K.L.:
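Structure provided below as structure tokens; questions to follow.
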Amino acid sequence: MKLLQTNDKKLLNQQKINVSQKMMNQRGAALIIFMLVLILSAATYFVGGLSSNTVALDREKQTQAALAEAKAALIGDAVEKQGSTLSSSTPAVTLSNPDLGSGANEGDEAANAGAIDHSAIGRFPWRSLGTVALKDGSGECLWYVVSGRFKTYTHTTMPLNWDTQGQIDVIDEKDNQLATNLAALVIAPGSVLSGQDRSSGQVVYPQCGGNYDAKNYLDTFDLNNAILGNVNYFPGTANNSKAQNSNNTTFVMTNNASYNDRFIFVTADDIFNQVMFRAAFSNEIDTLLANFQNMTISISTGKGTGNFTCANTDLFCENWIEMVFVKNYGVGNKVPVTWFDPKTMGTVGTANCQRVIIFGGQKTKTQMRDASAKNNPVNYLEAPNYVAFTASSSSGLSYQGVSKFDPHFPTLDVIQCVP
Amino acid sequence: MRTLKVKSSVNLNFCQGFSLVEMAIVLIIFGLFLSATLMPLSAQRSIKDITDTRASLEVIKEAIYGFAIINGRLPCPTLIQNPGNINYGVEDCSVASISAEGYLPWKTLGVPEGDAWVVHRTAATDPWTGYWRYRIDTNFSAVGTFNTSILATSSAFANSLFVWDSSGNVLNTNAESPIAIVYSLGKNLVADGQNSSADTVYQSDEITTTFDDQLVWITRPTLVSKLAMAGKLP
């Protein structure tokens, strides 16, 4: 028993000595390691917040916001140009010209953007439209291509209305058609790609910097990399900025080593869907149709308007006359016309008419109005008006439509009548 | 078999702590850690304040567009000093209010009353620290003049507001003046450059050590587009 107690004391003393030696062996390494771990964790946290994905998303977000603001300003400006009251002398809804570097100030739209009906590319005319110098996520100012038929000066001699076909088509890298006949494109050029030189020339542009050569911003610089030979500028002209003819041009929207441009489309519908909501627009249609109420000249051509000439100053008439259809039946062969409420489809009036005057409205999904289809009434009039209008006699015919253009139902035929 | 119980008490005679070298190394690392994190934290805080203010300004722009769509005019500034006044933060369309720079009517628009550096006022004598500055063209503050001016081809603007950059370049044309301007004084809480003078010229540019105001403006074409989309164009 005593021997056992002696051994216990020795064991206890040995353990105390071991503890003391361990204490003496502590050199603070654990704290240093702890600090390193803490620092690394903190660094990982902060750097992680700046991961490439987050940065890329933020840039894309900024790009999309800038493109949307640019589109709104462009269309708003086009509508605004028509003035506070629409009248027969109201000009067509034209889009601003690009900034071609020829204006007095950076950001001013060009006074002249090339030959008639020829499209043009330049920087977005932010100053003329009252915005800031809109920039994409890469910090580059936006670019802008306008169809020749929609530009302001020198613009088309053809009618400019919701059926006007722009000359911009867009494909993806597999040649899938993304859009056709656009009125305009606003383009975010993105970061610089191989071959592009975005350095400043002799003139320094304080807001956007760089230069006005579209090839240095829009893709792709190397024609060997072009998808099906299509590049997002007009090769062979000064600053690669003007189309050499009035043909459609195909632009490429994709994302690879040779293309990183981002687009927002501007269609004719985008523009005219805003114009037609002005109360003055439907009033002007009434005025246009009223021209035919007391017209004494003979009805001619497939639409009946062949002998009618718009007054020189009547720009509204020049742009919209192709929507009008007139047919004379005479006092002895009057045809019935029924007017209905587009909301309820209930009848709101009837009359027997010796002359019927129709405004064809916007095209429906099944109607085509390219150049070859414009003379066919079926592409403007709905049943039963198409049948009545193209019939050779008045027997058993009738017309129906609305009495006034309603932007909520823009495809409906508007009918006026000479009793 | 007995279980041995070992006292866990430590003999203080053997505790020597850290050596001076160890402590120095730890302090150096700690110092490096602080300098590597606290400075970026401060910088990040500034960046966040700037970003938040910019985001608020975008919200304010949308609120103003929305107000114009509903009311057919722009909101008037507010000049009411007393936070106890029931109309504090509400638009004031008196001549005195609309004809000069005032403060954004945050209650009317339902937006934050100030930027990232705002100090909430509790008394009429409190300064307007961090509250949005707001200026409108008077032609766009009343229904009648708004309807005429919004689509006027000439003489649309009553005040001809202008925005310059720091180099004196005029960022807008005579034909398309801003119809409203909203700005924050930034971190230095002082109107910088052209914004410091009581006239119709304002300044917008990248933030530098001498200019940190953040400014946005409402443009007529964009408002026209939004009104048209809402079917509210005169």
Side-chain angles (χ1 to χ4, degrees), chain A residues 4 8 11-12 15-17 19-24 26-29 31-32 35-36 38-39 42-43 46 49 65 69 71-86 96 105-108 126-133 206-207 273-280 407-408, chain B residues 2 4 6-11 13-19 21-23 25-26 29-30 32-33 36-37 40-41 44 58 147-153 156 163 165 167 169-173 175-179 204 216-217 219-234:
Chain A
L4 187 61
D8 284 350
L11 183 60
L12 191 58
Q15 285 180 341
K16 281 183 177 177
I17 290 166
V19 170
S20 301
Q21 283 177 339
K22 282 182 182 174
M23 290 290 293
M24 290 177 70
Q26 293 290 338
R27 312 304 297 175
L31 183 59
I32 294 171
M35 291 300 295
L36 285 172
L38 191 66
I39 290 168
F46 287 117
E69 185 170 351
K71 178 177 176 177
L74 263 178
I75 298 175
D77 177 72
V79 176
E80 184 188 303
K81 277 177 186 164
Q82 292 197 301
S84 53
T85 54
L86 288 177
S96 289
N105 297 285
E106 184 187 6
D108 285 349
W126 53 270
R127 189 169 180 271
S128 295
L129 299 180
T131 70
V132 296
Q207 297 301 314
N273 284 352
Q274 298 198 7
V275 173
M276 69 185 183
F277 269 91
R278 298 185 63 181
H408 296 98
Chain B
R2 286 196 306 140
L4 289 178
V6 180
K7 289 172 70 176
S8 61
S9 64
V10 176
N11 188 338
N13 292 332
F14 292 104
C15 286
Q16 296 182 348
F18 298 112
S19 71
V21 174
E22 289 167 344
M23 284 305 294
I25 292 171
V26 169
I29 293 173
F30 195 63
L32 287 173
F33 171 74
T37 57
L41 274 178
Q44 284 197 7
E58 291 304 316
N147 286 349
T148 305
S149 300
I150 191 66
L151 290 168
T153 49
V163 181
D165 69 9
S167 303
N169 298 306
V170 186
L171 301 182
N172 56 275
T173 64
E176 213 53 83
S177 295
I179 58 176
S204 174
V216 294
W217 61 92
T219 66
R220 199 165 60 129
T222 309
L223 181 55
V224 166
S225 175
K226 290 181 183 294
L227 288 169
M229 281 191 287
K232 293 294 182 74
L233 205 58

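Chain letters run A, B, ... following the sequence lines, proteins first, then strands; residues in each count from 1. Only a predicted model underlies this, so the values are computations on that prediction, with no experimental measurement involved.
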K.L.:
Any side-chain heavy-atom pair from L151(B) and R278(A) closer than 4.5 angstrom?
P.N.:
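Of all side-chain heavy-atom pairs linking R278(A) with L151(B), at least one is under 4.5 Å.
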
K.L.:
Quick one: closest heavy-atom pair of S225(B) and A72(A), and the distance?
P.N.:
CB-O, 3.2 Å

K.L.:
Tell me, out of P206(A), A133(A), G76(A), who's got the most heavy-atom pairs with chain B below 4.5 Å.
P.N.:
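Heavy-atom pairs under 4.5 Å are most numerous for G76(A).
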
K.L.:
So which residue, Q274(A), K71(A), H408(A), E106(A), ends up with the most heavy-atom pairs under 4.5 Å with chain B?
P.N.:
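Between Q274(A), K71(A), H408(A), E106(A), the count favours Q274(A).
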
K.L.:
How far apart are the closest heavy atoms of W217(B) and V132(A), and which atoms are they?
P.N.:
CH2-CG1, 3.1 Å

K.L.:
Is chain A contacted by the side chain of I29(B), its backbone, both, or neither, given a heavy-atom distance below 4.5 Å?
P.N.:
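For I29(B), backbone and side chain are both near chain A.
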
K.L.:
Given heavy-atom pairs under 4.5 angstrom as the criterion, report whether the side chain, backbone, both or neither of V170(B) touches chain A.
P.N.:
both

K.L.:
With a 4.5 Å heavy-atom cut-off, do L129(A) and T219(B) have their side chains touching?
P.N.:
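Answer no - side chains too far apart.
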
K.L.:
Between T222(B) and E69(A), does any side-chain donor sit less than 3.5 Å from a side-chain acceptor?
P.N.:
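Per modelled atom types, T222(B) and E69(A) side chains form no pair under 3.5 Å.
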
K.L.:
Where do S128(A) and T173(B) come nearest, in terms of heavy atoms and distance?
P.N.:
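In this case the closest contact between S128(A) and T173(B) is CA-CG2, 4.2 Å.
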
K.L.:
Which heavy atom in L171(B) sits nearest to a heavy atom in R127(A), and how many Å separate them?
P.N.:
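What the structure gives for the nearest pair is O-CG, 3.6 Å.
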
K.L.:
Can you tell which part of Q207(A) gets under 4.5 Å to a heavy atom of chain B, answering side chain, backbone, both or neither?
P.N.:
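Contact with chain B is through the side chain of Q207(A) alone.
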
K.L.:
At a heavy-atom separation under 4.5 Å, does I150(B) approach chain A through its side chain, its backbone, both, or neither?
P.N.:
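Backbone of I150(B) only, per the 4.5 Å heavy-atom cut-off to chain A.
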
K.L.:
Identify which part of D77(A) has an atom lying under 4.5 Å from any heavy atom of chain B, answering side chain, backbone, both or neither.
P.N.:
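Both backbone and side chain of D77(A) come within 4.5 Å of chain B.
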
K.L.:
Which heavy-atom pair separates P221(B) from E80(A) by the least distance, and what is that distance?
P.N.:
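Scanning both residues completely, I find the closest heavy atoms to be N-OE1, 3.3 Å.
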
